[in-house]
Peer 1: 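To start, I am sharing the structure in question, which I have written as structure tokens.
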Amino acid sequence: MRSSGPNQLLGSRPSLNGLLLCFIVVLALVAILGPSSSKTLYSVDSSPIPNFYKNYRRLKEQATSDFLEIRSLSLGIVRSREFDLCGKERENYVPCYNVSANLAAGLHDGNEFDRRCEKAQVGLRCLVRPPKDYKIPLRWPSGKDVIWSGNVKITKDQFLSSGSMTKRLMLLEENQIAFHSEDGINIDGVKDYSRQIAEMIGLGSDSEFLRAGVRTVLDINCGFGSFGAHLFSLKLMTVCIAAYEVFGSQVQMALERGLPAMIGNFFSRQLPYPSLSYDMVHCAQCDINWDAKDGAFLIEVDRVLKPGGYFVLTSPTSKPQGTNAKKKTMFASVEEFTQKICWSLLAQQDETFIWQKTSDAHCYTIRNMDGAPAICKEDYDDQSYYQPIRTCISGTTSKRWVSVLNRSTGSQLSSEQLEVHGVHPEDFYEDSQFWALALTNYWSLLTPLIFSDHPKRPGDEDPLPPFNMIRNVMDMNAHYGGFNAAFMETRKSAWVMNVMPVSTTNTLPLILDQGFAGVLHDWCEPFPTYPRTYDMLHANGLLSHLLSSDRCDATDLFLEMDRILRPEGWIVICDKVHVIEKARVLATQVRWEARVIELQNDNDQRLLVCQKPFLKK
């Protein structure tokens, strides 16, 4: 079923009699709600714990809903019917990844797994439903190590037939999959493996990674996230990336555990991160031929790695004897090429190698080696959204070229660091204060809803927000990352995926330099993740920005938001009044429960707070 887009929502204006009827009904509502509720919309003020939902909550919600329905009719907004549920075949649907079609088009050597959204995909508009055996994920911390097997696309036979060490070290019991962090990707265990890496770079233990400048880690083909889960417990932001997989997806498993992950590879295109993004890149048994394509894969790692950062490579430990010669040849090629890109082999132990990227940008200009990659043009650093992979060195002329060893360990940036990003310190601190207050109000608003709409399940302990509902949040228009900073300031356990729309000013480097997770994305396209992977979506000003262009359809955006949000997840949208009114109609079409909140100190803005229901068929 194809619905009309947001620009087609306006119809003919109602008659004068209709307007009179609306006016009479509004007067009746005001009389019902009484003088203490002269405003039919809820309001958010600056008090730390607003009293929203004590008396007559249900009555007020119905009154608000009726008022907005009347207002929509008076504006000529036509209410469209709800979208149908998709068929069973779309339960794990990920747009832009069609392996069979790519193979038919002659793509191979890993390129068949590439993301391809160039052509508009006009198809069936429907709501991706959860699998029949889907269950709400377990709360943290237990939910990091145990997931429901019915929530991911993997069968017991597929699990048992897997030859990967990471998969073998999981346990599949009845309707659950358990991840034992003590038995992770290395025979000696994840903790021992992590400590080994720390010792190889000269630290006493892995609790000292921050001393070596390591705050953010990109884990390539991460298995199912055991290494990342351990680093996450050490307060390191570790993002897993892996190619799209039809069954037994690494990314889907990691996200189901509540860990940071997204679909991504660099077989032929760059990763959607700017240059100089991560302090460490990790690859353990990641099945990448690093010596292929004239070193292009290593150059892409160099692009996203910060000066002085580390590349950790652990080769497979369970390969047949016949491949040893090939492995030695590959590592000889890798070692030779790393010298050409100014990396030094810091340490080698067993099958683990650690290289460190140079902190001296002049190294790339004084190299005198045959086959050394050239330096990219200066404007190349600004083009990193799924551009073709290049074989030149980037980032050397950036003002952000600062060694990880010379950087402060906290997330707070100094005035000098902010000026490097072209941001006035006053604007940044004002933004931070705004989001600290906004998050307090959001949480005050959501907490009573969580407790009243989701009573304690049998056998559960009393939930304490955010443990009971929210593990991860996607900020769809992250700006300076102030929303993420507010989460850290209040010590909430949830992590934030900061999304920087490609059509706005690119402040993603500023977000990444604070030690947060972030990615570039075009919201006219689907996001590279599996269904039901986020607990909350936050969009501030995004709809106004997208609706100002004819490229995007708000209906498709809401369907995509519904796809990536888990059942019983939350949506918080802040935007202009007329945009919120249109958004509320779209929220109804995708079957969300919607509440409009008035901002007391801003007559031009509204909050739309929605919850996705647990739909079954």
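Numbers here simply count residues along the sequence, with the first being 1.
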Peer 1: Any chance you could measure Ser549, atom OG, to Leu547, atom CG, to the nearest 0.5 Å?
Peer 2: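 Spacing of OG (Ser549) from CG (Leu547) equals 9.5 Å.
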
Peer 1: Gly308 and Val404: which non-hydrogen atoms are nearest, and at how many Å?
Peer 2: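 Smallest heavy-atom distance, with atoms named: O-CG2, 3.4 Å.
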
Peer 1: Can you name the nearest heavy-atom pair linking Leu546 to Trp523, along with the distance?
Peer 2: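 Shortest heavy-atom contact: CD1-CB, 3.8 Å.
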
Peer 1: Take Tyr442 and His538, measure what side chain to side chain donor-acceptor pair (under 3.5 Å) needs, and give me the verdict at the end.
Peer 2: CA-CA 11 Å; Tyr442 285 177; His538 175 250; 3.3 Å; yes

Peer 1: Might you point out which heavy atoms bring Arg563 and Phe527 nearest each other, and give the distance in Å?
Peer 2: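 Shortest heavy-atom contact: NH2-O, 3.0 Å.
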
Peer 1: Side-chain contact, heavy-atom cut-off 4.5 Å: Tyr134 with Pro531?
Peer 2: no

Peer 1: For Leu508, run the side chain to side chain contact (heavy atoms under 4.5 Å, CB included) check against Val499, Leu520, Asp513, Val502 and tell me which one passes.
Peer 2: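 So, applying the side chain to side chain contact (heavy atoms under 4.5 Å, CB included) to Leu508 and each of Val499, Leu520, Asp513, Val502, only Leu520 qualifies.
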
Peer 1: How far does OG1 of Thr507 sit from CE of Met500, to the nearest 0.5 angstrom?
Peer 2: 3.0 Å

Peer 1: Which of parallel (below 30°), tilted (30 to 60°) and perpendicular (above 60°) describes Trp435 and Phe483?
Peer 2: perpendicular

Peer 1: If every non-hydrogen atom of Ala243 is compared with every non-hydrogen atom of Ile263, which pair is closest and at what distance?
Peer 2: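 The answer is C-CG2, 4.2 Å.
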
Peer 1: I need the Arg215 CZ to Leu512 CG distance, nearest 0.5 Å.
Peer 2: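 Here the interatomic distance stands at 10.0 Å.
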
Peer 1: For a quick test of reading the model, state the closest non-hydrogen atom pair linking Ala242 to Asn221 and the distance between them.
Peer 2: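 Closest pair (atom of Ala242, atom of Asn221, distance): CA-OD1, 3.5 Å.
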
Peer 1: To the closest 0.5 Å, what do you measure between CE (Met262) and OG1 (Thr529)?
Peer 2: 8.0 Å

Peer 1: Looking only at heavy atoms, which two atoms of Leu271 and Gly264 are closest? And how far apart?
Peer 2: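 Smallest heavy-atom distance, with atoms named: CD2-C, 4.3 Å.
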
Peer 1: Assess whether side chain to side chain donor-acceptor pair (under 3.5 Å) is satisfied between Asn484 and Gln514, documenting all intermediate values.
Peer 2: CA-CA 10 Å; Asn484 193 153; Gln514 295 176 75; over 6 Å; no

Peer 1: Arg606 and side chain to side chain contact (heavy atoms under 4.5 Å, CB included): which single residue from Glu598, His578, Arg584 fits?
Peer 2: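 Among Glu598, His578, Arg584, the one meeting side chain to side chain contact (heavy atoms under 4.5 Å, CB included) with Arg606 is Glu598.
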
Peer 1: Tell me if the centroids of the rings in His282 and Tyr193 come within less than 6.0 Å of each other.
Peer 2: yes

Peer 1: Atom CG in Asp475, atom CG in Asn477: separation rounded to 0.5 Å?
Peer 2: 7.0 Å

Peer 1: Only one of Trp570, Phe614, Phe558 forms a ring-ring contact (aromatic ring centres under 6.0 Å, His included) with Trp592, so which one is it?
Peer 2: Phe558

Peer 1: Between atom CG of Asp279 and atom CG of Leu218, what is the distance when rounded to the nearest 0.5 Å?
Peer 2: 11.0 Å

